[in-house]
Amino acid sequence: MSNSPVPQKLSLAARDLDVVWHPCTQMHDHETIPMLAIERAEGAWLHATDGRSYLDAISSWWTNVFGHRHPRIVAGLKDQLDRLDHIMLAGMTHEPAVALAEQLVRLAPAGLSRVFYADNGSSAVEVALKMSFHYWRNQGRPSRNRFIALSGGYHGETIGALSVTDVALYRATYAPLLFTPILAPSPDAYLGEIGESAQEHAARRLIDMRALLERHAHEVAAVIVEPLVQCAGGMRMYHADYLVGLRALCDEFEVHLIADEIAVGFGRTGSLFACEQAAISPDFMCLSKGLTGGTLPLSAVLTNEAVHAAFYAEYSAGKAFLHSHSYTGNALACRAALETLAIFNDEPVLENNRRLAAHLGQRLLELADHPHVADIRQTGMIAAIELVRERKTRSPFPANERRGLRVYLHGLERGVILRPLGNVVYFMPPYCVTTAEIDLMVEVAIEGIERAVA
Ligand SMILES: *Cc1c(COP(=O)(O)O)cnc(C)c1O
């Protein structure tokens, strides 16, 4: 009896692989790729059950803005838990939902004065698409039932949001289920001609947009874009002039502009909202990810009085907006969002970020002449490195060689979470990151890139 083996308690990772199906994952990969079992997180660091720690260089899928478990957000949530957890938001309201809407309206681009809550980014996009279409329907123009989206854009993965997404990895398989948007070529500066500036490329792409609107405006409800950075499509960046011109075109052709700030909002691009850099007000602005500081799922769609007014009528007119998620405006999530905004208000966040972003940019210069780096780009606290087979021709590495995965695996060895998008290695750290931590993540990325291109 004493010789019988003590039953080995299964590790958390092993138990996970028995029951949990992970997002955006070929589960078979985990026969060789370790499943990280995280038991604690603090600031920019994730601590695993095996005692190892990892620098969260991509802010837990871009949600985390001030680092994990920011004391102010933790304290706010504890206080909120002692008052009110969750109630439905139909027929009743609560302080965090109202206060958050007030604050968002105060901070958002001028004219955005109404807030509709949902509980994740994709849902916010669904709300904006439906609301725009429904606006035109209420105005007696139901034929405006199509959307213009940008090539390389990403707006989420539910059926509607995926329909206006143009990233093949997510879209191609499900294409038979989706509606077809009108695709406008992206102003992505990387796609410009040799010698063409980002600004010139933006101007040229506005000509394409004008042509599309001339042909299609009568059937278009809205144009949807990710302002300044097309994130999931590979951190593709474009000049703010494009947004200025797009706003003007949408006005001229009487089409809504939906700004999907789900990834770029809350300081990522250097301003609280990316639209500020073009001094434009969209007709709809979608927020999520950083909205709660990365603690709880929540999203919001902001819109203007004209849109709100088009739905406001006697019940019998049948004009009400019809959309509801059970967890709409969850009180805990709203409270976390209020604490997030309070931190922006009380601390010099954007100012500090400018210093951190400059340091990050400086460090990346090391790669400027690398034979397998075609582009290094940065907008605020987002920086990306485009790996290619050959720098001169910019010929890409075939996707199935999974070069980016090698960078990821090297990062794990060195304790840094990098999760390249195909062959684009990027950094999107939480704002509590130190310059020493930036040095670490860049050093590890460079080592990983050397391994990946070998
Ligand atoms: C992440 C993201 C979404 C989808 O948000 P989820 O909460 O993941 O559904 C939509 N748009 C953009 C620009 C995003 O980056």
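Atoms within a ligand are numbered from 1 in the order they appear, just like the ligands themselves. Since the model is a prediction, treat every value here as computed from it, not as a measurement.
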Which atom pairs, donor and acceptor, lie under 3.5 Å between side-chain atoms of residues 348-356 and protein residues at least two apart or in another chain?
none

For ligand 1, which of its N or O atoms have a protein N or O partner closer than 3.5 Å, and how long is each gap?
| residue | atom | partner | partner atom | Å |
| --- | --- | --- | --- | --- |
| ligand 1 | 5 (O) | S122 | N | 3.4 |
| ligand 1 | 7 (O) | G121 | N | 2.8 |
| ligand 1 | 9 (O) | S122 | N | 2.8 |
| ligand 1 | 9 (O) | S122 | OG | 2.5 |
| ligand 1 | 11 (N) | D260 | OD1 | 3.4 |
| ligand 1 | 11 (N) | D260 | OD2 | 2.6 |
| ligand 1 | 15 (O) | K289 | NZ | 2.6 |

For this session: State, without any angle test, whether N64 and H68 hold a side-chain donor-acceptor pair at a distance under 3.5 Å.
Result: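 There is such a pair between these side chains.
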Problem set entry | With sequence neighbours excluded, residues passing salt bridge (Lys or Arg N to Asp or Glu O under 4.0 Å) with E252 |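 By the salt bridge (Lys or Arg N to Asp or Glu O under 4.0 Å) rule, E252 matches R210.
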For this session: Look up atom SG in C250 and atom CG in L213, then write down how far apart they are to the nearest 0.5 Å.
Result: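 C250 atom SG to L213 atom CG measures 6.5 Å (nearest 0.5 Å).
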Problem set entry | With F133 via ring-ring contact (aromatic ring centres under 6.0 Å, His included) - residues at least two apart |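 For F133, no residue satisfies ring-ring contact (aromatic ring centres under 6.0 Å, His included) once neighbours in sequence are set aside.
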For this session: With salt bridge (charged side-chain N to carboxylate O under 4.0 Å, His left out) as the test, would you mind laying out the steps for R402 and D29 before giving the verdict?
Result: CA-CA 12 Å; R402 304 184 80 183; D29 277 357; 2.7 Å; yes
